Every structure is written in structure tokens, then in C-alpha cells.
Amino acid sequence: MIKIQKVYNILYSKFGDLEWWPIDKKYHIKNSTDPRFEIIIGAILTQNTAWSNVEKALINLKENGKLDIKSIIEIPDLELKKLIKPSGFFNQKSKRLKKISKFLFEKYKSDMDLFFKKDTKKIREDLLEINGIGPETADSILLYAGNKPVFVVDSYTKRICKRLPIKTEITYDSIQKHFENNFSNVFDKKDLTKIYNQMHAMIVELAKNYCKKNPDCKNCPLKKYCKYEK
DNA sequence: GTCCAGGGCCGTT
DNA sequence: AACGGCCATGGA
């Protein structure tokens with residue numbers, strides 16, 4: 001078994017600072033839309049979908065002035081589906097966007113500060129009760145929109161955990177706990193949000209460039225620690 | 001044309 | 001707990 005800290009250090013020396021959630025900053029300066037809501041919408045739209053497709057959907061929403069809670073609630077289903085069509089799975093995703101928007105409107109009066117002020121565990125539970133929001137989407141919302149110290153586990157993380165000998169039990173919760181326990185022993189508490197963001201970004205880089213479904217093992221920075229062979 | 005992407009749900013084993 | 005089918009688009 002290889003230590004998480006060791007993986008972090010090797011990846012960091014390879015990739016450097018990544019700090020990552022793709023967001024269009026210029027748009028928010030101009031329109032004063034809460035970027036946290038864009039991240040929430042993006043987190044749902046990107047479910048099993050390439051970000052380039054999500055971007056098209058987000059641009060459609062922006063250009064039509066629909067990227068806010070009230071507009072998502074009021075827009076007719078058909079029109080919403082048309083706008084988010086490039087991101088795929090638009091029948092289910094349109095429902096999910098409506099649900100999260102209604103949730104924020106009805107329970108928090110569309111006040112994001114009020115929403116994220118609550119206890120992290122409580123927010124997570126509330127999000128998971130919404131049909132269409134699973135653990136990764138909930139945790140992405142907490143980490144990237146709420147700046148909460150929550151480690152996001154995605155399919156890349158699972159793949160790397162399987163191949164690298166990081167862990168034998170490959171379930172969402174156990175992997176998340178493993179990363180969080182290790183990092184919170186090593187880093188200062190106030191830095192954890194940044195570290196989780198950085199680590200997840202590095203995992204994505206590793207998985208896209210080396211630890212692919214069809215892996216490029218010979219150039220992988222973690223080659224000598226890995227049991228997996230193509 | 002084929003493969004796959006930063007999931008989640010539901011049903012089956 | 002783990003697995004399979006399903007949902008849909010666009011880029012490589």
C-alpha cells in the first residue's frame with residue numbers, strides 16, 4: 001500500500017498548482033450572478049459528461065439570461081431541455097436542475113449564504129435527499145461552491161485506487177474517509193479545502209493523461225509504485 | 001463508425 | 001455489496 005501523502009507529493013511535483021473548477025469569471029462581473037449557483041448547475045450537468053459539452057449548455061443558459069434560480073424554476077421544461085441539450089441526458093438533467101432550484105428557493109429563499117452557512121454534514125444529507133444528486137455531485141457542490149473541506153471521489157479516483165494499491169475497499173465512503181483521514185493528519189485544517197481541490201485536480205490530470213482506461217503506464221509518474229500492468 | 005466522458009437510479013444477483 | 005442497463009451529446 002502506498003501512502004496518500006506520497007501520491008500527493010509525486011503528483012504535485014509533476015503537475016504543480018492546478019486549483020480547479022472551470023468557471024467564466026468575466027460573466028459574473030458583468031451579470032452579478034452568484035458563481036456558486038453556476039457551479040451547482042455545472043455539477044449536475046457534468047454527470048458522466050465531458051466538460052466541453054457542459055460548457056455549451058451553460059453558455060446557452062447565460063445567453064438567454066436563465067442561469068439563476070428564479071429563471072430555472074419558471075422556464076418551461078421543453079425550453080430548458082433545448083438549452084441544456086448539448087450536455088446530454090437532458091430529460092433527467094432538466095428535472096434535476098428544477099429540483100435543486102426549487103429546493104434552494106423554498107428552503108433557503110435563494111440565499112446561498114444562508115444555505116452554505118449550515119453544518120456541512122447537514123447540507124450533504126439534504127442534498128442527497130434530492131433525487132438525481134448522488135455523493136459525488138453533493139460533494140462537488142460542497143467543495144467547489146461552498147469551499148467546504150470535503151474530498152470528492154469520482155470514477156477516476158476509484159480507478160486509481162484500484163490500480164495503485166491505495167486501498168482494497170473500493171466504495172465511495174471508504175475511499176473518501178481514507179483520503180480525508182490521511183490529509184487531515186498531515187495538513188493544517190484551514191488548508192484542507194485547497195488541498196482537496198488540488199488533489200482532485202491532480203487525479204483528473206493523471207487519469208486523463210496516464211491512468212486512462214487504456215493506460216499509458218510507461219510514462220506514468222507513479223509507475224514504480226503501481227502493481228497494475230496493461 | 002467506435003469509444004468515452006469529472007454519475008445516478010433502478011432492478012437483479 | 002457489486003453489477004448491468006439505461007439515459008444522450010459531441011469530440012477524439
Side-chain angles (χ1 to χ4, degrees), chain A residues 7 11 15 18-24 35-36 38-61 77-101 103 124-148 150-164 166-179 193 195-216 230:
Chain A
V7 175
L11 292 179
F15 297 120
L18 294 174
E19 274 293 329
W20 164 95
W21 178 276
I23 191 155
D24 181 357
R36 290 174 291 185
E38 176 175 341
I39 293 172
I40 290 172
I41 296 304
I44 290 172
L45 293 180
T46 199
Q47 290 171 346
N48 200 39
T49 301
W51 184 258
S52 57
N53 286 2
V54 176
E55 245 173 357
K56 298 180 202 306
L58 287 174
I59 287 169
N60 286 343
L61 291 169
D77 288 347
L78 264 176
E79 196 184 333
L80 180 57
K81 286 178 189 177
K82 203 170 78 188
L83 293 176
I84 67 169
K85 189 172 179 224
S87 71
F89 305 120
F90 49 81
N91 287 309
Q92 24 177 318
K93 283 177 179 174
S94 62
K95 290 185 190 126
R96 293 174 186 182
L97 297 190
K98 291 246 173 203
K99 273 182 196 150
I100 186 76
S101 300
F103 168 80
R124 194 177 192 273
E125 287 169 12
D126 287 351
L127 286 172
L128 289 177
E129 276 181 25
I130 302 171
N131 187 281
I133 301 202
E136 191 195 331
T137 306
D139 290 340
S140 294
I141 290 171
L142 285 165
L143 178 64
Y144 296 110
N147 284 309
K148 308 290 185 185
V150 175
F151 186 75
V152 176
V153 177
D154 57 13
S155 57
Y156 290 156
T157 313
K158 287 182 183 166
R159 183 159 82 208
I160 289 164
C161 283
K162 270 184 207 163
R163 290 178 179 174
L164 250 188
I166 287 179
K167 236 188 150 306
T168 49
E169 194 191 346
I170 309 294
T171 63
Y172 192 98
D173 291 343
S174 84
I175 291 175
Q176 184 179 49
K177 277 204 181 69
H178 187 66
F179 277 77
T193 296
I195 296 295
Y196 292 162
N197 188 326
Q198 172 72 22
M199 185 64 183
H200 188 247
M202 295 194 299
I203 285 173
V204 171
E205 281 306 300
L206 182 73
K208 278 184 174 171
N209 297 309
Y210 303 100
C211 203
K212 300 181 278 196
K213 186 165 276 189
N214 229 317
D216 178 14
K230 189 175 174 180

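Numbered from 1 within each chain, the chains take letters A, B, ... in sequence-line order. The analysis underlying the following values was restricted to heavy atoms, covering all of them including side chains, and did not include hydrogens, waters or symmetry mates. As the structure is a computational prediction, the values presented were derived from the model and not from experiment.
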| Those residues that, when tested against A/Tyr156, pass ring-ring contact (aromatic ring centres under 6.0 Å, His included) (two or more places apart) | none
| ring pair (Phe, Tyr, Trp, His ring centres under 6.0 Å) contacts touching residues 38-60 of chain A (sequence neighbours left out) | A/Trp21-A/Trp51
| task | Quick one: label A/Asp154 by what it contacts on the DNA or RNA (base, sugar-phosphate, nothing), any heavy atom closer than 4.0 Å. | result | sugar-phosphate
| said: My understanding is that only residues two or more places apart in sequence, or in another chain, count here; which of them pass side-chain hydrogen bond (donor to acceptor under 3.5 Å, both in side chains) with A/Gln176? | reply: A/Asp139
| note | With a 4.0 Å cut-off (strictly under) to non-hydrogen atoms of chain A, the first and last hit nts on DNA chain B, 5' to 3', are B/dC4 to B/dC10
| request: Sticking with atom P, work out how far C/dC6 lies from B/dG6, rounded to a whole angstrom. | output: 23 Å
| Who passes side-chain contact (heavy atoms from CB on, under 4.5 Å) against A/Lys99, sequence neighbours left out? | A/Ile130, A/Asn131
| said: Give me the distance, rounded to whole Å, that separates B/dG8 from C/dG10 when you measure between the P atoms they each carry. | reply: 23 Å
| query | In residues 156-163 of chain A, which residues come under 4.0 Å of DNA chain B by heavy atom? | reply | A/Tyr156, A/Arg159
| request: Taking salt bridge (charged side-chain N to carboxylate O under 4.0 Å, His left out) as the test, write out the residues that go with A/Arg159, two or more places apart. | output: none
Nucleotides 9-12 of chain C: which of its N/O atoms have a protein N/O under 3.5 Å away?
unit_1	atom_1	unit_2	atom_2	d
C/dT9	O2	A/Asn53	ND2	2.9
C/dG10	O4'	A/Asn53	OD1	3.1
C/dG10	O4'	A/Asn53	ND2	3.2
C/dG11	OP1	A/Lys56	NZ	2.9

| request: Report the distance from atom CD1 of A/Ile195 to atom CG of A/Asn197, rounding to the nearest 0.5 Å. | output: 9.5 Å
| said: Could you work out, with side-chain contact (heavy atoms from CB on, under 4.5 Å) as the rule, every residue matching A/Thr171, not counting sequence neighbours? | reply: A/Glu169, A/Ser174
| Base, sugar-phosphate, or nothing: which does A/Glu136 touch, judged by heavy atoms less than 4.0 Å apart? | sugar-phosphate
| request: Please list all pairs passing the side chain to side chain donor-acceptor pair (under 3.5 Å) test where one or both residues lie in residues 77-89 of chain A, with sequence neighbours left out. | output: A/Lys81-A/Asn91
| query | For the side chain to side chain contact (heavy atoms under 4.5 Å, CB included) test, which of A/Asp154, A/Val153, A/Thr157 pairs with A/Tyr172? | reply | A/Val153
| field | Protein-nucleotide distance (A/Ile175, atom CD1; C/dA1, atom C1'), rounded to Å | value | 14 Å
| field | Along DNA chain B (nearest heavy atom to each residue), the more 5'-positioned of A/Leu128 and A/Ser140 | value | A/Ser140
| said: Suppose we screen for side-chain contact (heavy atoms from CB on, under 4.5 Å). Which residues come up paired with A/Thr193, at least two apart in sequence or across chains? | reply: A/Leu143, A/Asn147, A/Pro149
| side-chain hydrogen bond (donor to acceptor under 3.5 Å, both in side chains) partners for A/Glu205, two or more places apart | A/Asn209
